[in-house]
Amino acid sequence: MNPLRHKFLPFSFAISVIGLCFSVYQILSMLFFEQTCTDGCSIFASFTIMGVSLWWFSAFFFMLVLILSLFGFAYIIRILTAIALTVDVFLLFVMLNTSLCLLCICAGILVACSYYAVRYENRRPLEPYPKTFLLSLWCFLFVLLLGSSINANQQGISFAKVENPTTNIFFSPSCPACKKILMAEANNKNIAWFPVEENENDIWRILFMQERINAGDTVYQALLKAEEKKPEERVEFADMLSLKYFAMQYKVWKNTAIVKRRTSVVPYIEVFGVPKEYTKTVYEEQPVKLSNDTQIINSLIGQENELCGDAGKPCDE
């Protein structure tokens, strides 16, 4: 029997105190200051589980580890930290393909330290240090994330595949100017539509729109049917466990990261692969006959919405 199994675990306790304080600080920042650390952090700020921010789950996790460390329940802590690190491995993978969130990285480091600490304190007497594949995988993704540079020309993921689109439009279901473009271009087959997320209600609207588009509706028809649903309606927790939800959330995070790296407003419009604010120069150097699509888009420039990024700063419906 391991003599450390039911003894106080000082390293796990110390890390859990730091993690709890860090999580509580982020909760207070959201409640009273509505601040995020970077644009990358704001991309994930609106992600919740049943309306509850992940920082509340983080605070509960570290508080639980803190209590268990006092009484030396190392085996239970090993299970909890393994689950938490597995979740963080998934988040690191998402950030590799979207944008780096500094706050999430800090929380992930604390989770990894907590995972390693309990294994070090509860290791077998003859083991110099614990060996774990999960921690090795996390370290690999962590180093890869820090060493990678996000490609500025990274492509988004559209609702439906469009062959050689003349225009790419990144839009939010909550944006009035976006709705005007969707209405004007309801039957246009040459536009690729890329959904982004402004607040926590957008994700279930986008999910519903994808279902309607798969059923044969245009993007505008799908938006109208999504608006008919109750504003307070959210994604159910059971749905969040499905592959369909994670695939759509990943797609939306990726598109939102691209928009935030290039501008601060939606709709974000690329004509012939060039951001709309640069098309005048392109047309002067290489004259292109403007279509009715481009003229409609031109008339809507200046009516964009600020890309909010979290529920604390909602856009006008």
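Since we're looking at a predicted model, the values are computed, not measured.
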Chemist: Are Val17 and Phe71 connected into the same hydrophobic cluster when the rule is that any two of I, L, V, M, F, W, Y join if their side-chain heavy atoms are below 4.5 Å apart?
Modeler: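 They do share one cluster, since a chain of ILVMFWY contacts under 4.5 Å joins Phe71 to Val17.
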
Chemist: Taking all non-hydrogen atoms of both residues, which atom of Met209 and which atom of Val219 are closest, and how far apart?
Modeler: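 So the two residues come closest at CE-O, 3.5 Å.
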
Chemist: Do Ile18 and Ile27 land in one hydrophobic cluster if side-chain heavy atoms of ILVMFWY residues count as linked below 4.5 Å?
Modeler: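 They do share one cluster, since a chain of ILVMFWY contacts under 4.5 Å joins Ile18 to Ile27.
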
Chemist: To the nearest 0.5 Å, what is the distance between NZ (Lys254) and CD (Gln249)?
Modeler: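 Going from the NZ atom of Lys254 to the CD atom of Gln249 covers 14.0 Å.
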
Chemist: Output the distance between atom CE (Met183) and atom OG1 (Thr218), rounded to the nearest 0.5 Å.
Modeler: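 Taking CE in Met183 and OG1 in Thr218, the distance rounds to 12.0 Å.
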
Chemist: Tell me whether Met248 shares a hydrophobic cluster with Val94, the cluster being built from Ile, Leu, Val, Met, Phe, Trp, Tyr side chains joined at under 4.5 Å.
Modeler: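 Yes, Met248 connects to Val94 through the hydrophobic network.
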
Chemist: Test of understanding: with side-chain hydrogen bond (donor to acceptor under 3.5 Å, both in side chains), list the residues that count as partners of Trp138, not counting sequence neighbours.
Modeler: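 With sequence neighbours excluded, Trp138 shows a side-chain hydrogen bond (donor to acceptor under 3.5 Å, both in side chains) to Asp88, given in chain and number order.
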
Chemist: Quick one: does Phe73's side chain get under 4.5 Å of Leu9's, heavy atoms only?
Modeler: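 Result no, sub-4.5 Å side-chain heavy-atom pair not found.
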
Chemist: Is there a side-chain contact between Pro267 and Cys175 in this structure, where contact means two heavy atoms from C-beta onward sitting under 4.5 Å apart?
Modeler: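 They are in contact (side-chain heavy atoms under 4.5 Å apart), so the answer is yes.
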
Chemist: Does any N or O in the side chain of Ser114 come within less than 3.5 Å of the main-chain N or O of Ile15, such that one atom is a donor and the other an acceptor?
Modeler: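 No; judged by distance alone, with no hydrogens or angles, the pair does not exist.
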
Chemist: More than 12 heavy atoms of other residues, nucleotides or ligands under 6.0 Å from CZ of Phe246: is that the case?
Modeler: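 Yes, CZ of Phe246 has more than 12 neighbouring heavy atoms, counting only those of other groups under 6.0 Å.
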
Chemist: Would Glu185 and Asn190 satisfy side chain to side chain contact (heavy atoms under 4.5 Å, CB included), going step by step from the backbone distance to the final call?
Modeler: CA-CA 9 Å; Glu185 304 295 332; Asn190 297 318; over 6 Å; no

Chemist: Got a donor-acceptor contact below 3.5 angstrom from the Ser158 side chain to the Ala192 backbone?
Modeler: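 Looks like no, no N/O pair under 3.5 Å.
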
Chemist: Among Arg212, Arg205, Lys179, whose salt bridge (charged side-chain N to carboxylate O under 4.0 Å, His left out) with Glu227 holds?
Modeler: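 It is Lys179; the other options fail the test.
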
Chemist: Measuring from atom OG1 of Thr256 to atom CD of Glu197, what distance do you get when rounded to the nearest 0.5 angstrom?
Modeler: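 Between atom OG1 of Thr256 and atom CD of Glu197 there are 6.0 Å.
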
Chemist: Throw together a table of side-chain donor-acceptor distances under 3.5 angstrom for residues 51-70, partners on residues two or more places apart or in other chains.
Modeler:
residue	atom	partner	partner atom	Å
Ser53	OG	Trp55	N	3.2
Ser58	OG	Ser23	OG	2.6
Ser69	OG	Val65	O	2.7

Chemist: Quick check: closest heavy atoms across Val118 and Arg78, and the distance to 0.1 Å?
Modeler: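 The pair with the smallest heavy-atom distance is CG1-CG, 4.0 Å.
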
Chemist: If you measure only the distance, is there a donor-acceptor pair under 3.5 Å linking the side chains of Ser172 and Asp202?
Modeler: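 Per modelled atom types, Ser172 and Asp202 side chains form a pair under 3.5 Å.
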
Chemist: Take Leu96 and Leu144, measure what side chain to side chain contact (heavy atoms under 4.5 Å, CB included) needs, and give me the verdict at the end.
Modeler: CA-CA 8 Å; Leu96 270 173; Leu144 194 63; 3.9 Å; yes

Chemist: Looking at Val259 and Val196, what are the two nearest heavy atoms and their distance?
Modeler: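 Taking Val259 first and Val196 second, the nearest heavy atoms are CG2-CG1, 3.8 Å.
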
Chemist: Within a reach of under 6.0 Å around CZ of Phe11, are more than 12 heavy atoms found that belong to other residues, nucleotides or ligands?
Modeler: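 Count not over threshold, so no.
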
Chemist: Could you grab the distance from atom CH2 of Trp253 to atom CG of Leu91, nearest 0.5 Å is fine?
Modeler: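 Atom-to-atom, Trp253:CH2 and Leu91:CG are 6.5 Å apart.
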
Chemist: Taking distance alone, no hydrogens or angles, what donor-acceptor pairs closer than 3.5 Å link side-chain atoms of residues 103-110 to residues at least two apart or in another chain?
Modeler:
none

Chemist: Let me see the working for Thr86 and Phe90 under side chain to side chain contact (heavy atoms under 4.5 Å, CB included), right down to the final yes or no.
Modeler: CA-CA 7 Å; Thr86 302; Phe90 170 76; over 6 Å; no

Chemist: So, for Asn255 and Pro195, which heavy atoms are closest and what is the spacing to 0.1 Å?
Modeler: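 So the minimum-distance heavy-atom pair works out to ND2-O, 3.0 Å.
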
Chemist: Please find the pair of heavy atoms, one from Leu182 and one from Tyr220, that lie closest to each other, and give the distance.
Modeler: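 Between these two residues, the closest heavy atoms are O-CB, 3.4 Å.
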
Chemist: Roughly how far, to the nearest 0.5 Å, is the NZ atom of Lys251 from the CD1 atom of Ile206?
Modeler: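 With rounding to 0.5 Å, CD1 (Ile206) is 9.5 Å from NZ (Lys251).
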
Chemist: Count the heavy atoms of every other residue, nucleotide or ligand shown that sit under 6.0 Å from CD1 of Ile79, and state whether that count exceeds 12.
Modeler: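 Yes.
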
Chemist: Sequence neighbours left out, what passes side-chain hydrogen bond (donor to acceptor under 3.5 Å, both in side chains) with Thr132? Give chain and number order.
Modeler: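 Per chain and number, Thr132 pairs via side-chain hydrogen bond (donor to acceptor under 3.5 Å, both in side chains) with Tyr115.
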
Chemist: I need the full list of ring-ring contact (aromatic ring centres under 6.0 Å, His included) pairs touching residues 180-201, with sequence neighbours left out, sorted by first then second residue.
Modeler: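 Qualifying pairs: Phe170-Phe194, Phe171-Trp193.
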
Chemist: Looking at CD1 of Ile83 and CG of Leu134, how far apart are the two atoms once the value is rounded to the nearest 0.5 Å?
Modeler: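 One gets 11.0 Å once the value is rounded to the nearest 0.5 Å.
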
Chemist: Are Glu121 and Ser12 linked by a side-chain donor-acceptor pair shorter than 3.5 Å?
Modeler: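 Note: Glu121 and Ser12 side chains meet the donor-acceptor criterion.
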
Chemist: Would a hydrophobic clustering, with Ile, Leu, Val, Met, Phe, Trp and Tyr connected at side-chain separations under 4.5 Å, put Ile169 with Val162?
Modeler: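 Not linked; separate clusters.
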
Chemist: Can any side-chain N or O of Asn168 pair as donor or acceptor with the backbone N or O of Glu270 at less than 3.5 Å?
Modeler: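 No; zero donor-acceptor contacts below 3.5 Å.
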
Chemist: The criterion is ring pair (Phe, Tyr, Trp, His ring centres under 6.0 Å); which residues satisfy it with Tyr250, sequence neighbours excluded?
Modeler: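 Testing Tyr250 for ring pair (Phe, Tyr, Trp, His ring centres under 6.0 Å), a comparison that skips the adjacent residues, returns none.
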
